[in-house]
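These figures come from a predicted structure and were not determined experimentally. Naming: A, B, ... by sequence-line order, numbering from 1 per chain.
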Amino acid sequence: MTNNEIAKIFNETADILEIKGENIFRVRAYRNAARVIDNLIEKLSDIVAQNPDELNSIKSIGKALHDKIIEFCQTGKIKEFDNLKNSLPSGLLDMLKIQSFGPKRVRLVYEKLGIDNVDKLEKAASEGKIRVLPGMGEKSELKILKSIRDFRTLQTDRKSWAEAEQILNDYLNYLKKIDGIDKIQPAGSFRRCRETVGDLDILITCSGDTEKIISHFAEYPEVLEILAQGETKSSVVLKDKIQVDLRVVKPESFGAAMQYFTGSKEHNVALRSHAKEKNMKLSEYGVFQKDKSIAGENEENVYNSLGFDWIPPEIRENRGEIAMAKNHSLPKLITLENIKGDLHCHSTHSDGSATIPEMAAAAKRLGYEYLAITDHSKSLTVAHGLDERRLLEEITEIDVFREQNPDFFVFKGIEVDILADGSLDLDDEILSKLNFPIAAIHSRFGMGSAEMTERIVRAIKNPFIRCVAHPTGRLIGERVPYEIDIAKIIAAAKENNVALEINASPHRLDMNENFTFQAREAGVPICINTDSHSPDGFLAMRYGINVARRAWCTTENIVNAWSLEKLKSWLKLPREKTEVKEKQENMEEQIQEELF
DNA sequence: GCCGTTTTCGGCCCGACTGTTTTCAGTCG
Ligand SMILES: Nc1nc2c(ncn2[C@H]2C[C@H](O)[C@@H](COP(=O)(O)OP(=O)(O)OP(=O)(O)O)O2)c(=O)[nH]1
Ligand SMILES: [Mg+2]
Ligand SMILES: [Mg+2]
Ligand SMILES: [Zn+2]
C-alpha cells in the first residue's frame, strides 16, 4: 500500500463530502492531508509499522486522519470511506471534472433530476431539461454541452516543463507585438519550475486600456476555445490542448500580482493568513494596512512588508519556506552559474556523437572547469559499451588530452552497468584506474523492490563507485520508475559517501524533486549531470537545476558546483566499506597514487 | 478536520467571471 493510494482516498473523500454539502473546511482538511502525504517520501506503511508516533509530527494530519491511516495500513481499507463511496453513484465524481460544473451543481442535478453520470447530464442538457433548475438557464445548458465535449476530447496529462516552455515562448512573442504592454511575465507552476505544468499562467501589466490586450490574447491563432474573457483576466485553450490563463493588472500591482499568480495556492493561502494575523491584507493588488497600500509594485517589497525575506519561486510550496523566510534562514539555492562541470557524458568511444576533445571544448565554452567522460560498459552492446581493452585505450587518450590541456580537467570515468545480481560489468582492477566511475542500471528493470534495492546498494558499496546515475530509471511518459526502497538507497549512499545523480535530461529528471529533497536532507552528495551524448546535450543542465532548486539544494549539496580542488579532495576521502573493505585496504595505496 | 508566544474553540485567503438573479451563488484562479 503506497502513500499515493492513501492520498487518493483522502482526495476522493473530499470530493464526496463536498458533493454532500459538508463543511468546506473539513473538505479542505482532507485535501491538505492528501497533498502532504503525496509529498512525503517516507512510506506511511513503514512509519505505521516501525514508529507510529512519528505520524503525529506530520503537518495536517490530526487525530482523525491519523486513525484512518493506521486503519488503512493494518486492514487495507478505511470503513468510513467505503461507506461514503457506497452512498453515492461513482459517476458523480466524473461529473466534477467538467469545467464550470462543481459540487453544488452535481448535487442539484442528482437530487432534482436523478442525473448520476456524464452521459445522462449531456442528454438532459440537450433536451432542455436543465434550464428548469434554480440558477440555471439556456446558456448554462449550452455551456454544459460545450464543457462535456471538451471533457471528452481535451483531457490530457500535465505537460512537461520543457514542452510548455516552447508553447509559452511562442505565445509571449505573439503577445509582445501589441502596444501598451508594460511588463509581461510567466507565472504559476511554470515560474516555480515544476516538473510538469497543468496550464500556462501569464501576467501582463499595463497602465492604459486592458481590453485591447485581452482581445489580442484571445485572438491568438493557436487558440482553440475561449473559456472566459473579462476586464482583468482571460482563459483560453490552445490547439496543443493546454489551457492558458492571462491576468492583467496596473504597473503599481506588478509585484503583488506576480506573488499571487506564481503561487502555489497553498503558499498563497498561508502567506495571506500571516498577513491577516498582522492586521494586514494581501491580494494580487498589493499589501494593505487599513485600506492603505504599503507594497505592490515590487515583489520583494511585498514579502518584506509582511516581515518575510523574498522567497524563490521554486520553493513556494508551503513546505516550511515561510517560517524560514521569517527568521532569515532560507537556503541560498544553487544556480546554473554555480555549476563548474558535468560528471556524466558520453563520447564516440561508446554511443556519443562527439570526441573527447569536442566534448571538453563544449564544456569549456560553458565556463566549466572539469568534465567526467563516462562511456558505457561492455554489457550494453547496443551502446557499444567498452570492455577492459577499449577502456584502457580511452584512459590513454585522456592522459594525452590532459597533457595538452592543463587548464581543463577531464576525469576518467565510466558508466558501468549494474548487473542483475548487483555486481558490476567491469572488475575492480580496471575501475581502480579511473577517478570517476558511476554506476547505472540499464537492464532487468522488472525485479521486485527488495531485490532491486539490494542490487543498487551492492553497487553503492563497491569502493570505486562515486555516483549512481538515474537512480530510478524512469523515462518520462515511457517507463515508470523501477520499484526501489528510496530510504534504503539514501542511507547506503550516505554511509558510503557515494553521490546520487539528478539526471538533467528532460526525458529523465531522475532523481525527481522529492527523492532529491530527501537525499539532501540526509546529507547525501548530489550530482546534477546531463548524460550528454553530444555537445548540445550540456544545455540540459538547467532542467536539472530546476529539480535541485525545488529540492532546496545549495552549492554545498551539489558535487559539481564544487571547485576542482574540493571535488578532488572529496574523492580522496576514505570510505567505510563492509563487503569489500579488506580488498580496498589492499588496494588503498594504489588508489591514492593513481586517482588523478 | 486541523490548529494554537494573544486561542483547546472558533476561526480557516481573497478576488474575477459567468449567468442568473434584482442582489448573488457557483466556480475558478
Ligand atoms: N490566493 C489564491 N491563489 C490561487 C488560488 N488558486 C490559484 N491561485 C494562484 C496560485 C497559482 O499558482 C496561480 C495559478 O493557478 P493554477 O491553477 O494555474 O495553478 P499552478 O500554476 O500553481 O499549477 P498547475 O500546474 O497549473 O496545476 O494562481 C486560490 O485559491 N487562492
Ligand atoms: Mg498554472
Ligand atoms: Mg492557471
Ligand atoms: Zn549515460
Side-chain angles (χ1 to χ4, degrees), chain A residues 10 13-14 17-19 21-36 55-69 80 95-109 130-144 146-147 187-189 197-203 210 214 218 226-236 243-249 253 256-257 259-288 306 318 322-323 326-327:
Chain A
F10 286 170
T13 304
L17 291 175
E18 203 176 12
I19 291 172
E22 248 296 347
N23 180 301
I24 188 60
F25 299 107
R26 185 170 171 231
V27 171
R28 199 145 105 193
Y30 275 94
R31 297 215 169 102
N32 284 339
R35 181 183 154 276
V36 166
L55 279 185
N56 298 322
S57 64
I58 302 175
K59 194 170 61 103
S60 302
I61 309 281
K63 174 91 179 72
L65 297 187
H66 170 279
D67 289 352
K68 287 188 169 64
I69 291 168
E80 197 182 317
M95 289 162 67
L96 277 181
K97 297 192 190 109
I98 298 168
Q99 277 263 357
S100 72
F101 209 79
K104 296 287 196 303
R105 285 171 184 167
V106 167
R107 181 177 180 175
L108 183 70
V109 299
I130 301 290
R131 67 185 70 174
V132 301
L133 299 172
M136 303 297 249
E138 232 172 302
K139 280 186 173 172
S140 316
E141 284 175 343
L142 290 174
K143 190 160 188 174
I144 287 169
K146 199 166 109 178
S147 297
S189 51
V197 301
D199 69 1
L200 289 169
D201 302 289
I202 301 172
L203 177 70
T210 67
I214 290 179
I226 300 168
L227 296 175
Q229 189 173 357
E231 286 170 9
T232 73
K233 67 192 246 191
S234 172
S235 293
V236 299
Q243 182 173 329
V244 185
D245 295 331
L246 172 71
R247 191 67 205 262
V248 186
V249 297
S253 292
Q259 195 292 311
Y260 151 71
F261 215 23
T262 297
S264 64
K265 177 186 169 182
E266 291 77 10
H267 175 89
N268 287 359
V269 169
L271 200 64
R272 288 171 179 211
S273 302
H274 282 285
K276 202 170 180 164
E277 272 171 29
K278 298 188 169 85
N279 286 320
M280 297 193 264
K281 183 180 73 170
L282 171 62
S283 75
E284 59 266 50
Y285 296 109
V287 181
F288 300 90
L306 294 168
N318 197 28
I322 294 177
K326 184 175 181 169
N327 58 31

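- When the P atom is compared between B:dT23 and B:dT18, the two are found 22 Å apart, to the nearest whole Å.
- On the P atoms, B:dT20 is 16 Å away from B:dA25, given to the nearest whole Å.
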Output one line per pair: protein atom, nucleotide atom from nucleotides 1-8 of chain B, and distance, for all N/O pairs under 3.5 Å.
unit_1, atom_1, unit_2, atom_2, d
B:dG1, OP1, A:Arg26, NH2, 3.1
B:dG1, OP2, A:Arg26, NE, 3.2
B:dG1, O5', A:Arg26, NE, 3.2
B:dC2, OP1, A:Gly62, N, 2.5
B:dC2, OP1, A:Gly62, O, 3.4
B:dC2, OP1, A:Leu65, N, 3.3
B:dC2, OP2, A:Ala64, N, 3.4
B:dC3, OP1, A:Ser60, N, 2.6

(message) Walk me through whether A:Arg131 and A:Met136 qualify under side chain to side chain contact (heavy atoms under 4.5 Å, CB included).
(response) CA-CA 5 Å; A:Arg131 67 185 70 174; A:Met136 303 297 249; 5.6 Å; no
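- A salt bridge between A:Glu18 and A:Arg31 is present, with a side-chain N of the basic residue lying under 4.0 Å from a carboxylate O of the acidic one.
- Not counting sequence neighbours, the partners of A:Phe10 by the ring pair (Phe, Tyr, Trp, His ring centres under 6.0 Å) test are A:Tyr30.
- Between the CD atom of A:Gln229 and the C1' atom of B:dG19 there is a distance of 16 Å, rounded to whole Å.
- Within 6.0 Å of NZ on A:Lys139 lie no more than 12 heavy atoms contributed by other residues, nucleotides or ligands.
- Across B:dT8 and B:dG1, the matching C1' atoms stand 14 Å from one another, rounded to whole Å.
- A:Leu282 comes within 4.0 angstrom of the backbone, heavy atoms only, and of no base.
- Partners of A:Arg28 by salt bridge (Lys or Arg N to Asp or Glu O under 4.0 Å), not counting sequence neighbours: none found.
- Under the 3.5 Å distance criterion, the side-chain polar atoms of A:Ser253 are matched with a main-chain donor or acceptor of A:Tyr285.
- Across the strands present, B:dT8 finds no partner; the criterion is a Watson-Crick or G-U wobble pair with both atom distances under 3.5 angstrom.
- Distance noted for atom C1' between B:dG19 and B:dC12: 29 Å (whole Å).
- Counting to the nearest Å, the C1' atom of B:dG15 and the CD atom of A:Gln259 are 14 Å from each other.
- When heavy atoms are screened at a 4.0 angstrom cut-off, A:Glu138 is found touching the sugar-phosphate backbone but no base atom.
- Scanning for ring pair (Phe, Tyr, Trp, His ring centres under 6.0 Å) contacts around A:Phe261 gives an empty result, with sequence neighbours left out.
- Taking A:Glu80 as the reference, A:Lys68 meet the side-chain hydrogen bond (donor to acceptor under 3.5 Å, both in side chains) condition, with sequence neighbours excluded.
- Between B:dC9 and B:dC14, the two C1' atoms lie 24 Å apart (nearest whole Å).
- Comparing A:Met280 and A:Glu141 by the nucleotide of DNA chain B whose heavy atom lies nearest to each, the residue mapping closer to the 5' end is A:Met280.
- Side-chain atoms of A:Glu266 and A:Asn32 form no donor-acceptor pair, as typed in the model, at a separation below 3.5 Å.
- As a whole-Å value, the separation of A:Ile322 CD1 from B:dC13 P is 12 Å.
- Closest to the side chain of A:Lys281, out of B:dC14, B:dC12, B:dC17, is B:dC14.
- Comparing B:dG10 with B:dG15, their P atoms sit 26 Å apart, to the nearest whole Å.
- Between A:Leu108 and A:Pro134 there is a side-chain heavy-atom pair separated by less than 4.5 Å.
- Across the protein-nucleic acid pair, A:Glu231 atom CD and B:dA16 atom C1' stand 10 Å apart, rounded to whole Å.
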(request) Summarise protein proximity over nucleotides 22-29 of chain B in one line of letters, 5' to 3': B for base, S for sugar-phosphate only, - for none, counting protein heavy atoms closer than 4.0 Å. (result) ----SSSB
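- Nucleotides B:dT22 and B:dC13 are separated by 29 Å at their C1' atoms, to the nearest Å.
- Residue A:Tyr285 places at least one side-chain N or O under 4.0 Å from the OP1 or OP2 atom of B:dA16.
- One finds no side-chain N or O of A:Lys276 lying less than 4.0 angstrom from the OP1 or OP2 phosphate oxygen of B:dG11.
- Whole-Å rounding puts the A:His274 NE2 to B:dC14 P distance at 13 Å.
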